[in-house]
Engineer: 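Here it is, the structure in full.
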Protein chains: 2
Amino acid sequence: MIDKCLCKLISEEEIDKILGQLPTDDTIAKLAEFFKVFGDPSRLKLLYFLSRSELCVADLASLAKMGQSAVSHQLKTLRLSRFVKTRKEGTVVYYSLEDMHIQSLFDVALEHIGEEA
Amino acid sequence: MIDKCLCKLISEEEIDKILGQLPTDDTIAKLAEFFKVFGDPSRLKLLYFLSRSELCVADLASLAKMGQSAVSHQLKTLRLSRFVKTRKEGTVVYYSLEDMHIQSLFDVALEHIGEEA
DNA sequence: CTCCTATATGAATGTGTGTTCATATATAGA
DNA sequence: TCTATATATGAACACACATTCATATAGGAG
């Protein structure tokens, strides 16, 4: 855990400043949870479809070529992280995007991996 | 895999259009890999420190309160995904950010989780 | 050449996670 | 009420992954 080298490219004061502005563990944990949601191809596909239209679970499964249960589990993840919202109509549950910042995230990511949006 | 319901809130033509514009599996996989890198608290911390200063491995370990080996493994991940670059000076390896889009990603994420940057 | 230090790496381990299967819940229709 | 359909959920399984430990590599000092 402790290593000797303190290369000291930066001063002690700078180190203190950097450590002082370090986000809390709680904030860092929330950030990681945020990005983890986007770290799965299935969820990305579902989010893509929902970015184009409100859709029910069965349609999402059909479009994404996934099992109904898998879709439902992933939608729960997306619901808990407040990326999608639901609208119920009889037995059918319609999902849609709740957070519209998603597209700008994708743009930055696509630029990094070298594909154009 | 196949469910009966096709709620048809949208037309067949719209479905075809959505499917036609669906990014390739390869692109989606790369996107997921991109976000997965940010889905870990340790890597987020390292990226935060590197956003403030160029730093060597030992200093990163000290600042992040992580073992040297753990840091080195994570830096390898960050290197492979082209988020950091290295500069060697004797036996010391200095790491720094390669992709400057990172801050804007964090801003969107912080806004979503309700913390201000 | 030898020792020490900085970093990298491979194996092992524990933990987390996505999918599937089976089943539960809920609502509409007959 | 009985049946069929849409969705949700829990358990199990397989796989991925972050850390640790031990060790390898590499460069500087003596």
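Order of the sequence lines fixes the chain letters, A, B, ..., with proteins taken first and strands second; residue numbering starts at 1 for each chain.
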Engineer: Is it the case that the base of C/dT19 and the side chain of A/Ser42 share a donor-acceptor contact (distance under 3.5 Å, atom types as modelled)?
Structural biologist: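 Between C/dT19 and A/Ser42, which were checked side chain against base, a qualifying N/O pair under 3.5 Å is absent.
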
Engineer: Send over the distance from A/Tyr95 OH to D/dT7 P, rounded to a whole Å.
Structural biologist: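 So the two atoms are 9 Å apart, to the nearest Å.
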
Engineer: Specify the separation, in whole Å, of atom NZ of A/Lys65 and atom C1' of C/dT20.
Structural biologist: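 My rounded result for the distance is 19 Å.
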
Engineer: What's the CE-P distance between B/Met66 and D/dC21, to the nearest Å?
Structural biologist: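 Value for this atom pair: 14 Å.
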
Engineer: Over how many whole Å does the gap from A/Asp40 atom CG to D/dC15 atom C1' extend?
Structural biologist: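 Distance, rounded to whole Å: 13 Å.
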
Engineer: Without decimals, in angstroms, what is the distance between A/Leu55 CG and D/dT7 C1'?
Structural biologist: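 To the nearest whole Å, that distance equals 15 Å.
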
Engineer: When you check the phosphate oxygens OP1 and OP2 of C/dA8, does a side-chain N or O of B/Lys76 lie under 4.0 Å from one of them?
Structural biologist: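 False: B/Lys76 side-chain N/O out of range (4.0 Å or more) of C/dA8 OP1/OP2.
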
Engineer: Output the single nucleotide from C/dT7, C/dA26, D/dT9 whose closest atom is nearest the side chain of B/Val92.
Structural biologist: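 Taking heavy atoms from C-beta onward, the closest nucleotide is C/dT7.
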
Engineer: C/dG18 P sits how many Å from A/Phe38 CZ, rounded?
Structural biologist: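 Taking atom P of C/dG18 as the reference, CZ of A/Phe38 is at 14 Å.
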
Engineer: Any sub-3.5 Å donor-acceptor pair from A/Arg52's side-chain atoms to B/Gln21's backbone N or O?
Structural biologist: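 Such a contact is absent between A/Arg52 side chain and B/Gln21 backbone.
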
Engineer: Determine, for A/Glu33 against A/Lys36, whether the closest basic-nitrogen to carboxylate-oxygen distance falls under 4.0 angstrom.
Structural biologist: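 Counted as a salt bridge, because a side-chain N and a carboxylate O are separated by less than 4.0 Å.
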
Engineer: Closest nucleotide of DNA chain C for B/Val93 versus for A/Thr77: which of these residues is on the 5' side?
Structural biologist: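 Between the two, 5'-proximity favours B/Val93.
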
Engineer: For the pair B/Phe38 and B/Phe106, name the ring-plane relationship: parallel under 30°, tilted 30 to 60°, perpendicular over 60°.
Structural biologist: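 If you compare the ring of B/Phe38 with that of B/Phe106, the planes turn out perpendicular.
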
Engineer: Quick check: does any side chain N or O of A/Tyr95 sit under 3.5 Å from a backbone N or O of A/Val57, one acting as donor and the other as acceptor?
Structural biologist: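 Not a single qualifying donor-acceptor pair exists.
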
Engineer: Once you round it to whole Å, what is the distance between P of C/dT7 and CZ of B/Arg79?
Structural biologist: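 Distance, rounded to whole Å: 12 Å.
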
Engineer: Report yes or no: is there a donor-acceptor pair, N or O only, under 3.5 Å between the side chain of A/Gln68 and the base of D/dA8?
Structural biologist: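 It does, because a donor-acceptor pair links the side chain of A/Gln68 to the base of D/dA8 below 3.5 Å.
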
Engineer: Quick one: on DNA chain D, does B/Lys36 or A/Val57 contact a more 5' nucleotide (nearest heavy atom)?
Structural biologist: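 Result: A/Val57.
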
Engineer: From the set C/dT5, D/dG10, D/dT20, return the single nucleotide nearest to any side-chain atom of B/Ala70.
Structural biologist: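 The listed nucleotide nearest to B/Ala70's side chain is D/dT20.
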
Engineer: Hey, does the side-chain of B/Ser69 have a donor or acceptor N/O within less than 3.5 Å of a partner on the base of C/dT9?
Structural biologist: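 Result: at least one qualifying N/O pair found.
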
Engineer: Do the side chains of A/Lys45 and B/Asp25 get close enough for a salt bridge, i.e. N-O under 4.0 angstrom?
Structural biologist: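 So A/Lys45 pairs with B/Asp25 through a salt bridge.
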
Engineer: Between A/Leu60 (CG) and D/dA6 (P), how many Å, whole number?
Structural biologist: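 Distance, rounded to whole Å: 14 Å.
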
Engineer: Examine C/dT27: is either OP1 or OP2 under 4.0 Å from a nitrogen or oxygen in the side chain of A/Thr91? Give yes or no.
Structural biologist: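 So the side-chain polar atoms of A/Thr91 never come under 4.0 Å of the phosphate oxygens OP1 or OP2 of C/dT27.
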
Engineer: Under 5.5 Å between ring centres and under 30° between planes: true for B/His73 and the base of D/dT19?
Structural biologist: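 Here B/His73 fails the 5.5 Å or the 30° condition.
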
